[in-house]
Each structure stands twice: as structure tokens, then as C-alpha cells.
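One structure is given below, encoded as C-alpha cells.
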Amino acid sequence: MVLARVLGPVVATIKHPAFAGHTLLLCQPIDERGRDVGTDFIAVDHAQAGKGDTVLALREGNSARQALRQKMAPIRSFIAAVVDHVDVEKP
Amino acid sequence: MYLGEVRGTVVATRKIEGIEGKKLLLVQPVNKSRVPVGPVEVAVDTVQAGVGDFVYLVGSREASLALDRWFVPVDSAIVGIVDDVDAGAPAKGH
């Protein structure tokens, strides 16, 4: 799972039926200090996350399908949790 | 799943059975600012996208699940036409 910041919603009226009823959020992967790392990706929201939230995102299809209870969905990434805070111990 | 821009179409008459009758589109993956990321790729279309459309795609195994006939050997599929993206949240400490 990765830490990510929710950039905002992705609106797509014409889409594959498996996405019907789901909220799509554009997420920016971040490091433990909140700095951007790598390229943004799209995830199905499953934790009522909102713009600016720090979240826990999974980018693996089987977990997505199990969590969303959609056996055949072409969904690969979803947001599993909204993170309250991250404690980093100094190495 | 990621954003992309449809740049063209790909026609292949001799191809594996699984992708017969499927539209193949040339897609440039882009990031939140629509800056190209990595090389163009060829994706199967499942939503009647056209050249110039702003789309989102799913890759690897999930791409094959996007097609009705189960397990067609593809690793990139267009699964939505994007109307709008709000990509503006500033970095916020946590």
C-alpha cells in the first residue's frame, strides 16, 4: 500500500459499467514527509476520502475486487483508508 | 489506473483471436497536468473513445477483465472518457 494525497475527483460519465456508482479520485503518491514521489494515479474511493486528504491506497486488482465485492471488475487501485497522522521515528 | 490522451488508431489485420473486432487506439499516458509520462502505448477501447479524447486506462491483468469475453490477452484498456479532473489540492502537511 502507498501513502498518497488526494488531488481531487475524476469525473467520467462515459465509463466501463464496473465503475458505475464509484467515486474516482486522482491521487499523488507521497513519502512519509508528505513530499510528492512519482506519478499520480486514479483510485476508486472506498473510505470517503476527500480532496487534500492523506490516504492509504492499494494498487493491486485482487484486493480491489475483494474489497469492492466485484469479482470481474477491471479495477486496480482503491483507497482503503484516510490517514490521520504518520509518526516517523528518527533513524 | 491512469490518465491518457488518445493520439491515434492502430489497425492490425493479422492478430491473435482474442482482440479481433476490438478497436485499438494509440494512447499517450499523461499526469495530472497532462504532461506525457513514458512512451505511447496501444490500448483496447471499451468506451468508444476517439482520437483527441482525454481518457483513463487500466493496465495489466485488469485490462483483460474490461472486455466481455473473459481473459482476452491485453494489458492496457481504455475504461473511461474523462470529462473533468480536479488536480489542484496543494501539498498539506500531516
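A note on names: the letters A, B, ... follow the listed sequences, proteins ahead of strands, and every chain is numbered from 1.
Between the side chain of B/Asp84 and the backbone N or O of A/Val11, no donor-acceptor pair lies under 3.5 Å.
Heavy atoms closer than 4.5 Å to chain B are found in the side chain of A/Arg65, but not in its backbone. Using a 4.5 Å cut-off between heavy atoms, B/Ala63 does not touch chain A at all. Heavy atoms closer than 4.5 Å to chain B are found in both the backbone and the side chain of A/Ile14. Only the side chain of A/Phe19 comes within contact range of chain B, judged by heavy atoms closer than 4.5 Å. Using a 4.5 Å cut-off between heavy atoms, A/Thr39 contacts chain B through its side chain alone, with no backbone atom that close. Both the backbone and the side chain of A/Ile75 come within contact range of chain B, judged by heavy atoms closer than 4.5 Å.
Residues A/Met72 and B/Leu65 approach most closely at O-CB, 3.6 Å, considering heavy atoms. Between B/Gly59 and A/Arg76 the shortest heavy-atom distance is O-CD, 3.9 Å. Shortest non-hydrogen contact noted between A/Leu7 and B/Lys32 is CD1-CD, 3.3 Å.
Taking hydrophobic clusters as Ile, Leu, Val, Met, Phe, Trp and Tyr residues chained together by side-chain heavy-atom distances below 4.5 Å, A/Val2 does not share a cluster with A/Val55. The hydrophobic cluster containing B/Leu26 does not contain B/Val55, counting ILVMFWY residues as joined when their side-chain heavy atoms lie under 4.5 angstrom apart, directly or transitively. Residues B/Met1 and A/Leu26 share a single hydrophobic cluster, defined by chaining ILVMFWY side chains whose heavy atoms lie under 4.5 Å apart. Hydrophobic clustering (side-chain heavy atoms under 4.5 Å, transitive across Ile, Leu, Val, Met, Phe, Trp, Tyr) keeps B/Val51 apart from B/Val40. Residues B/Val82 and B/Val27 do not share a hydrophobic cluster, clusters being chains of Ile/Leu/Val/Met/Phe/Trp/Tyr side chains in contact below 4.5 Å.
The candidate with the highest count of non-hydrogen atom pairs below 4.5 Å against chain B, out of A/Val10, A/Val44, A/Leu25, A/Ile42, is A/Ile42. Listed options B/Leu3, B/Val85, B/Val79, B/Val37 were ranked by heavy-atom pairs under 4.5 angstrom with chain A; first place goes to B/Val79. Put simply, of A/Pro17, A/Ala18, A/Ala43, A/Gly61, the one with the most heavy-atom pairs under 4.5 Å next to chain B is A/Gly61.
Here the NZ atom belonging to A/Lys51 is positioned 3.5 Å from the CG atom belonging to B/Asp86, to the nearest 0.5 angstrom.
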Q.
For a side-chain contact (heavy atoms from CB on, under 4.5 Å) check, start with the C-alpha distance between B/Val58 and A/His16, then their side-chain angles and the critical distance, and finish with the verdict.
A. CA-CA 11 Å; B/Val58 66; A/His16 188 283; over 6 Å; no

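Judged by distance alone, the side chains of A/Thr13 and B/Asp83 do bring a donor and an acceptor atom under 3.5 Å apart.
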